[in-house]
Amino acid sequence: QVQLVESGGGAVQAGGSLRLSCAASGRTFSTYAMGWFRQAPGKERELVAGLRWNGLSTYYADSVKGRFTISRDNAKNAVYLQMNSLKPEDTAVYSCAAGRLGTSRGPYEYWGQGTQVSVSS
């Protein structure tokens, strides 16, 4: 089992940047695909970025391509989401997720509690 704890959320103006971090427990972190999901009020949860367990492929939702970058540090059991050129429509609760030997699109089995990102215009 993997436990995930996100940090780095906050309030920012449009055009600004934030870097989310996710700390994972467990000794086999490198065997997990890692992803970042978001859920805005009244909307379904969506996968915005994913990284295959071996790092050989990534996925980005069309809405964040060119602005968000997912990365991982297996030595630190951590995954990051660098978010640039933020827009008000990026406002949501962001959660990281893990899936054993998964692809960049999943399946994901474990989720963190989430961190709020609020972008004002």
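- Taking CG of N77 as the reference point, atom CD of Q3 lies at 12.5 Å (rounded to 0.5 Å).
- Applying the 4.5 Å side-chain rule to ILVMFWY residues, one finds V2, L4, V12, L18, L20, F29, Y32, W36, V48, L51, Y60, V64, F68, I70, V79, L81, M83, L86, Y94, Y110, V117, V119 in the same cluster as M34.
- Listed here is the closest heavy atom pair of S95 and G114: OG-CA, 3.4 Å.
- Residue pairs meeting the salt bridge (Lys or Arg N to Asp or Glu O under 4.0 Å) criterion with at least one member in residues 68-81, sequence neighbours excluded, do not occur.
- Closest approach of A92 to A40, counting heavy atoms only: CB-N, 3.8 Å.
- Here CD of E44 is found 8.5 Å from CD of Q39. Values are rounded to the nearest 0.5 Å.
- Taking 4.0 Å as the cut-off between side-chain N and carboxylate O, K65 and D62 count as a salt-bridged pair.
- Under a 4.5 Å side-chain heavy-atom criterion applied to ILVMFWY residues, the cluster that includes L101 comprises W53 as well.
- Remark: Y59 engages no residue in a ring-ring contact (aromatic ring centres under 6.0 Å, His included) (not counting sequence neighbours).
- Among residues at least two apart or in separate chains, there is no disulfide (SG to SG under 2.5 Å) pair with a member in residues 31-88.
- The two residues F37 and A97 make their nearest non-hydrogen contact at CE1-CB, 3.7 Å.
- For residues 13-121, every residue pair satisfying the disulfide (SG to SG under 2.5 Å) rule, not counting sequence neighbours, is listed here: C22-C96.
- The minimum heavy-atom distance linking S21 with Y80 is given by the pair OG-CD2, 3.4 Å.
- Listed by chain and number, the residues in a side chain to side chain donor-acceptor pair (under 3.5 Å) with S25 amount to none (sequence neighbours excluded).
- Between the OG atom of S120 and the CD atom of Q13 there is a distance of 5.0 Å, given to the nearest 0.5 Å.
- The side chain to side chain donor-acceptor pair (under 3.5 Å) search around Q116 returns S118, not counting sequence neighbours.
- Of the possible polar contacts, none joining the Q113 side chain to the E6 backbone as a donor-acceptor pair under 3.5 Å is found.
- Remark: S57 pairs with no residue by the side chain to side chain donor-acceptor pair (under 3.5 Å) rule, at least two apart or across chains.
- By the side chain to side chain donor-acceptor pair (under 3.5 Å) test, R100 is found to be paired with T31, residues two or more places apart in sequence or in another chain being considered.
- Listed by chain and residue number, R67 satisfy the side-chain contact (heavy atoms from CB on, under 4.5 Å) test with S85 (two or more places apart in sequence, or in another chain).
- Pairs engaging residues 109-120 under the salt bridge (Lys or Arg N to Asp or Glu O under 4.0 Å) rule: none recorded [sequence neighbours left out].
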